[in-house]
2 protein chains.
Amino acid sequence: MSVARTGEFGLIARVTARLQPGPGTLLGPGDDAAIVAAPDGRVVASTDALVEGRHFRRDWASGVEIGHRAAAANLADIAAMGATPTALLVALCAPPGLDARWAEDLADGLAAEAATVGAAVVGGDMAGSPTLTIAVTALGDLAGRRPVTRDGARAGDVVALCGRVGYAAAGYTVLSRGFRTPVLLVDAYRRPKVPYAAGPAAARAGATAMLDVSDGLLQDLGHIARASKVAIDIDRSAFEVPPQMRDAAQALGVDPYHWVLGGGDDHALAATFPSDRTLPEGWREIGRVGEGTGVTVNGKPPKGPLGWDHFAS
Amino acid sequence: MSVARTGEFGLIARVTARLQPGPGTLLGPGDDAAIVAAPDGRVVASTDALVEGRHFRRDWASGVEIGHRAAAANLADIAAMGATPTALLVALCAPPGLDARWAEDLADGLAAEAATVGAAVVGGDMAGSPTLTIAVTALGDLAGRRPVTRDGARAGDVVALCGRVGYAAAGYTVLSRGFRTPVLLVDAYRRPKVPYAAGPAAARAGATAMLDVSDGLLQDLGHIARASKVAIDIDRSAFEVPPQMRDAAQALGVDPYHWVLGGGDDHALAATFPSDRTLPEGWREIGRVGEGTGVTVNGKPPKGPLGWDHFAS
């Protein structure tokens, strides 16, 4: 049944029936606003919009998978501050012909991804639009910790990474060429595996700067370099290219390091740590912070456009 | 200059340069997430999306005015819980040809409306989209108060209203027929005057249920009636139709009470109070809560479709 037939309130009822409150949900969907616990006395908040044809395609991933991706993109931003996600709010703008079932699947994916970190979908909005758009806001709690921003990296720090890079970008390329395998890469694009708990762990271990890799590792490290007024040098040998990625790259005539160093959407966490600290579990060293500006790979500037501009056509 | 030429990061820089932190802004735009004070240990959160052609038209209102409207729609939801707004997050999905100046104007309007209640725009996202879409999330603080939800109205309560109803809907009709006056109505559509402080005041005065009138008074009171399992009867004589609205209604062949009782977008606050309470300043009685179900006007069911379905075409 189309959302035009269920109507706004019918669709809201169908979707909210699928949502479970989380431990921090003090008031869930159905009123003017939701109420979420903020025990720390501060709330961490981030918002991200996904637009059909630009950030997702319904023929490349299911509604459930797109829900996971949309949630992951926002939950990762909360983790990258060193905080624990507590809640999601979701505005769905949908064409009247959208199958209400797809919206239910989307809600299931959003809720399931949120539940992996103890968060819940607590509110939202539905609006008609010619362009299917999912705008998600994530909230989180710092539990008394200092937030890890982008401007704290210091010369001499270690650059470290937790999570995968290049997998989702490789999956995107594979799908865009009309293939559906390797499953490892396609699934990475459809449902990113984000190391959420590594964010608070890095904060506790004294990370000096942190972000999630959403636009490409080198571009995103560039944000840390600029905000912290430092130079960052990455060691290319720190990145292992898995055989499936190597084979796909060869078949498609692509340099796999373009995916690894320039691809977003895996939502790995990248951080800098004082060099005398032991990296928390799951984190690995990939480079060093130095005096100066910019990001280099083995001492040299990266070649070509590595990163993602959301207005580029 | 188009947003495609400024690029995502260029546009973000231009827009964030115009934003001022508020008293509750602990970390503003520029990192993975913002941090907002939540001194109450709870955060009130609501999200609403505005879609071009459906919720706004660029030839009917300026970017600044559309910013005011988008902010008002969300800030009113926070006030309707009895809370004080603290922050806005804004996802702007824009066609590549959009003038960056328009996005700056929008930011100015959002920030100015937020500032009227001591809130600030603390974060956001920019994405390319064929459909200009503004998704806003508002956060707020209850300052220790019990939230005023929709399910607390009791038989015998007084129904009260604070703010204007029908003005924005009348302005919308006037604009849709190609007119630009009366200014009173057109301005009400372009820049709603929301009595934000009346929300916390109602909570302090013991309001039993509250919401903001966004879809039409009778439809929205229907939400209270359903959630509270009560009947609501409205006294039509409680509504004064100003001369400008009466004249416009006559000229356009419209019943002005269709606007007053069925029009949204003014974001008045409607609430129920125990009958022994003195209504706070600015609130006026418009009806009574009784046993039963549904909303009536002078004891009779309202005629015709009064309200707004966001998927209806």
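Residue numbers start from 1 in every chain, and the chains themselves are labelled A, B, ... in the order their sequence lines are given, proteins ahead of strands.
Interface remark: of the candidates B/Leu139, B/Asp151, B/Leu211, B/Leu211 forms the most heavy-atom pairs closer than 4.5 Å to chain A. Among A/Val148, A/Asp48, A/Leu27, the residue making the largest number of heavy-atom pairs under 4.5 Å with chain B is A/Asp48. Counting heavy-atom pairs closer than 4.5 Å to chain A, the top-ranked of the candidates B/Ala91, B/Gly41, B/Ala135, B/Ala138 is B/Gly41. Highest contact tally toward chain A, considering only B/Gly140, B/Ala45, B/Pro39, is held by B/Ala45 [criterion: heavy-atom pairs under 4.5 Å].
Neither the backbone nor the side chain of B/Val136 comes within contact range of chain A; no heavy atom of the residue lies under 4.5 Å from a heavy atom of that chain. For A/Val122, no part sits under 4.5 Å from any heavy atom of chain B, backbone or side chain. B/Leu50 does not touch chain A: none of its heavy atoms, backbone or side chain, sits under 4.5 Å away. Only the side chain of B/Leu26 comes within contact range of chain A, with heavy atoms under 4.5 Å apart.
Rounded to the nearest 0.5 Å, atoms CG (A/Asp31) and OG (B/Ser46) are 9.5 Å apart. Rounded to the nearest 0.5 angstrom, A/Arg226 CZ and B/Phe9 CZ are separated by 8.0 Å. How far CG of A/Asn74 is from CG of B/Asp32: 11.0 Å, rounded to the nearest 0.5 Å.
Residues A/Ala127 and B/His55 share a closest heavy-atom pair of CB-CE1, 3.6 Å. Of all heavy-atom pairs between A/Cys93 and B/Val51, the closest is SG-CG2, 3.9 Å.
Residues meeting the salt bridge (charged side-chain N to carboxylate O under 4.0 Å, His left out) test with B/Arg101, sequence neighbours left out: B/Asp105.
Applying the salt bridge (charged side-chain N to carboxylate O under 4.0 Å, His left out) test to residues at least two apart or on different chains, the pairs with a partner in residues 38-47 of chain A are A/Asp40-A/Arg42. Identified under the side chain to side chain donor-acceptor pair (under 3.5 Å) test for residues 130-139 of chain A, with sequence neighbours left out: A/Thr47-A/Thr137, A/Thr131-B/Thr131, A/Thr137-B/Thr137.
Among A/Val44, A/Val43, A/Thr149, the single residue meeting the side-chain contact (heavy atoms from CB on, under 4.5 Å) criterion with B/Ile35 is A/Val44.
Inspection of non-hydrogen atoms places A/Asp77, A/Ile78, A/Ala80, A/Met81 of residues 76-86 of chain A under 4.5 Å from chain B.
Within 6.0 Å of the CZ atom in A/Arg5, the count of heavy atoms belonging to other residues, nucleotides or ligands does not exceed 12.
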